[in-house]
Amino acid sequence: LNEKSPSWKGDKVGYSGLHRWVASHLGKPKQCSHCGTTTASKFEWCSIDHTYKRDILSWVRLCTTCHRNYDNGKLKLRVCS
């Protein structure tokens, strides 16, 4: 989880490891920042600029539907909170 861990990879972290790092710092999302739903079956952390970096401000919580639409270019983010 941090630089003191013997398995710390810094910026060379993989996709799954980075998502675990984001979840450990931001918690488990429970509301979509785009559509506002709280009843989706799953919420995910989404890299706003698709650069997948260790910058908390470059991540947004989205329901699976909004996340897929954003990744496919069908959605422009309108983040409410």
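Taken together through direct or relayed side-chain contacts under 4.5 Å among Ile, Leu, Val, Met, Phe, Trp and Tyr, Ile56 and Leu18 form part of one hydrophobic cluster. Trp21 and Leu26 fall within a single hydrophobic cluster, where Ile, Leu, Val, Met, Phe, Trp and Tyr side chains are chained together by heavy-atom contacts under 4.5 Å. Hydrophobic clustering, with ILVMFWY side chains joined whenever heavy atoms are under 4.5 angstrom apart, keeps Val60 apart from Leu57.
Applying the side-chain contact (heavy atoms from CB on, under 4.5 Å) criterion to His67, with sequence neighbours excluded, gives Glu44, Cys46, Leu62, Asp71. Partners of Ser41 according to the side chain to side chain donor-acceptor pair (under 3.5 Å) rule, which considers only residues two or more places apart in sequence or in another chain, do not exist here. Lys30 pairs by the side-chain contact (heavy atoms from CB on, under 4.5 Å) definition with nothing, not counting sequence neighbours.
Judged purely by atom type and a 3.5 angstrom limit, Trp59 uses its side chain to pair as donor or acceptor with the backbone of Lys53.
In terms of heavy-atom proximity, Cys63 sits nearest to Cys32 at N-SG, 3.3 Å. When all heavy atoms of Ser47 and Tyr52 are compared, the pair lying nearest together is OG-N, 3.2 Å.
Put simply, NE2 on His34 and CG on Leu75 are 4.0 Å apart, with the number rounded to the nearest 0.5 Å. The SG atom of Cys66 lies 12.0 Å from the CZ atom of Arg61; values are rounded to the nearest 0.5 Å.
Between His50 and Tyr70, the closest side-chain pair of non-hydrogen atoms falls below 4.5 Å.
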